[in-house]
Protein chains: 2
Amino acid sequence: MSKTSGKSGSERRSGCPLNASVEMLGDRWSLLIIRDMMLRGFRSYKELMECYEGIATNILADRLRKLIEYGIIAAEPDPQDRRKVNYVLTRKGMDLAPVLTEMVLWAAAHEETGNQQLVELMRGDKAKFLADIRARWERTQAASGK
Amino acid sequence: MSKTSGKSGSERRSGCPLNASVEMLGDRWSLLIIRDMMLRGFRSYKELMECYEGIATNILADRLRKLIEYGIIAAEPDPQDRRKVNYVLTRKGMDLAPVLTEMVLWAAAHEETGNQQLVELMRGDKAKFLADIRARWERTQAASGK
DNA sequence: CAGGATCCGTTTCGATACTG
DNA sequence: CAGTATCGAAACGGATCCTG
């Protein structure tokens with residue numbers, strides 16, 4: 001569908017750093033989903049759904065699908081309950097941690113914001129903060145048998 | 001506009017860091033506009049327009065208006081040619097430099113990307129890179145009489 | 001000519017209802 | 001619980017027109 005003018009932007013704008021990534025991250029939900037998986041440890045559709053009550057079921061499903069397609073998250077069966085699906089960050093997704101951190105710090109500096117503890121944690125020792133969440137991620141990777 | 005259901009998300013999702021900011025940055029163009037103003041020194045409607053040939057005039061105008069409204073950029077008359085308008089980053093906008101930098105580095109690590117020189121510059125000494133672009137910005141501020 | 005505003009067809013989003 | 005189907009609303013993109 002949609003062959004009105006051939007290329008709808010993505011192809012035209014490639015070659016410059018960021019253009020392709022914005023294609024994925026440049027929407028209202030993706031960054032929030034990644035943030036909550038990274039910083040709050042969310043893993044299931046339900047957790048994400050309840051968090052932002054505003055999101056529609058189909059939108060959440062769609063964003064999760066696209067994030068998977070893009071290699072930022074992966075869906076894997078829950079080790080305890082094989083019927084359940086857990087969404088986990090891939091390494092590529094975890095590598096977004098510095099971006100998210102800088103964004104939270106920016107937001108904290110320029111907007112009213114909640115969760116000052118988290119902000120302080122980031123601001124105090126950014127490198128340590130990043131190392132810590134990465135280490136936690138490594139452990140979950142090991143736990144899930146990867 | 002858009003008063004279909006009273007509160008369209010922003011109010012419901014406040015309190016958590018990032019929610020409000022994503023409202024502004026979470027779209028396909030805003031981050032690219034900021035990047036080009038910050039990293040490539042773009043200042044005019046025309047420069048931006050020609051850069052991403054894909055963007056429609058009304059969309060660019062709309063994004064510029066919203067970025068101004070949000071305090072990320074400002075419009076001021078060109079000192080040489082009073083008919084022209086220059087768009088410049090505010091301090092709040094410049095403070096996005098670390099975010100942009102991390103994003104570019106992420107994109108460079110995980111996507112094919114152009115402009116490797118820029119990436120190398122960032123990766124080599126991130127702090128110096130950030131200090132440099134901020135210093136350049138300070139100079140333009142001084143030059144425009146602010 | 002730069003910097004938009006307006007109109008219009010197309011694409012995407014989002015709320016609700018519904019389903020395995 | 002974890003989504004899919006549907007359908008109206010909003011955003012987008014392109015072309016054109018307006019204004020200083």
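By convention in this document, chain letters (A, B, ...) are assigned in the order of the sequence lines, proteins followed by strands, and residues within each chain are numbered from 1.
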Enquirer: Could you check how far CG of A:Leu48 sits from P of D:dC1, rounded to whole Å?
Expert: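 Interatomic distance, CG of A:Leu48 to P of D:dC1: 14 Å.
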Enquirer: To the nearest Å, how far apart are B:Ile59 CD1 and D:dG13 P?
Expert: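 My rounded result for the distance is 6 Å.
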Enquirer: Starting at atom OH of B:Tyr52, determine the distance to atom C1' of D:dG14, rounded to an integer number of angstrom.
Expert: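 From B:Tyr52 OH to D:dG14 C1': 18 Å.
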Enquirer: Can you list everything that forms a ring pair (Phe, Tyr, Trp, His ring centres under 6.0 Å) with A:Trp137? Sequence neighbours excluded, please.
Expert: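 By the ring pair (Phe, Tyr, Trp, His ring centres under 6.0 Å) rule, A:Trp137 matches no residue at all.
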Enquirer: If you take atom types as modelled and just measure distance, does the side chain of B:Thr57 reach the base of C:dA5 with a donor-acceptor pair under 3.5 Å?
Expert: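 By the distance-only test, yes, there is a pair.
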Enquirer: What orientation do B:Trp106 and A:Tyr70 show, parallel under 30°, tilted 30 to 60°, or perpendicular over 60°?
Expert: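 Judged by the thresholds at 30° and 60°, the geometry between B:Trp106 and A:Tyr70 is parallel.
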Enquirer: Given C:dT12, is OP1 or OP2 found less than 4.0 Å from the side-chain N or O atoms of B:Arg28?
Expert: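 B:Arg28 to C:dT12 OP1/OP2: no side-chain N or O under 4.0 Å.
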Enquirer: For D:dG13, does either OP1 or OP2 sit under 4.0 Å from a side-chain N or O belonging to B:Arg63?
Expert: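 B:Arg63 to D:dG13 OP1/OP2: no side-chain N or O under 4.0 Å.
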Enquirer: Please report the distance, rounded to the nearest Å, between CE in B:Met49 and P in C:dA5.
Expert: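 So the two atoms are 13 Å apart, to the nearest Å.
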Enquirer: Give a yes/no on whether any side-chain N or O of B:Lys84 is located under 4.0 angstrom from OP1 or OP2 of C:dA2.
Expert: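 No, outside the criterion.
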Enquirer: Can the positive tip of A:Lys84 be found less than 6.0 Å from the middle of the six-membered ring of A:Tyr45, inside 45° of the ring normal?
Expert: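 Checked: cation-pi criterion not met.
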Enquirer: Any side-chain N or O of A:Tyr87 less than 4.0 Å from the OP1 or OP2 oxygen of D:dG3?
Expert: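 Looking at the OP1 and OP2 atoms of D:dG3, one of them is under 4.0 Å from a side-chain N or O of A:Tyr87.
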Enquirer: Expressed as a whole number of angstroms, how long is the span from B:Ile73:CD1 to C:dG3:C1'?
Expert: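 That distance rounds to 13 Å.
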Enquirer: With a 4.0 Å cut-off on N to O distance, would you call B:Glu23 and B:Lys66 a salt bridge?
Expert: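 Judged by the 4.0 Å cut-off on N to carboxylate O distance, B:Glu23 and B:Lys66 do not form a salt bridge.
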Enquirer: For B:Arg82, which contact category applies under a 4.0 Å heavy-atom criterion: base, sugar-phosphate, or nothing?
Expert: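 Answer is nothing: B:Arg82 stays at 4.0 Å or more from every strand.
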Enquirer: Mapping A:Leu64 and A:Asn58 to their closest nucleotides on DNA chain D, which lands nearer the 5' end?
Expert: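 Result of the comparison: A:Leu64.
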Enquirer: Which listed nucleotide (D:dG13, C:dC13, C:dT16) is nearest to the side chain of A:Ala56?
Expert: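 Closest nucleotide among those given: C:dT16.
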Enquirer: Between D:dG3 and A:Arg65, is there an OP1 or OP2 to side-chain N/O distance shorter than 4.0 Å?
Expert: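 It does not, given that no N or O in the side chain of A:Arg65 lies less than 4.0 Å from OP1 or OP2 of D:dG3.
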Enquirer: Find the distance B:Lys46:NZ to D:dG20:C1' and express it as a whole number of Å.
Expert: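 From B:Lys46 NZ to D:dG20 C1': 17 Å.
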Enquirer: Counting only side-chain nitrogens and oxygens, does B:Trp29 get under 4.0 Å of the OP1 or OP2 atom of D:dA11?
Expert: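 Result: no.
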Enquirer: Given atom CG of A:Asn86 and atom C1' of D:dC1, what is their separation to the nearest angstrom?
Expert: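 Going from CG in A:Asn86 over to C1' in D:dC1 covers 13 Å.
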Enquirer: Within this structure, what is the CG-to-P distance between A:Asp78 and D:dA2, rounded to whole angstrom?
Expert: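 Checked: the CG to P distance equals 10 Å.
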Enquirer: Are side-chain N/O atoms of A:Arg40 and A:Asn115 paired as donor and acceptor at under 3.5 Å?
Expert: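 Short answer, no.
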Enquirer: Which comes earlier along DNA chain C counting from the 5' end, the contact point of B:Glu50 or that of B:Asp62, where each point is its nearest nucleotide?
Expert: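 Looking at the nearest nucleotide for each, B:Glu50 comes out on the 5' side.
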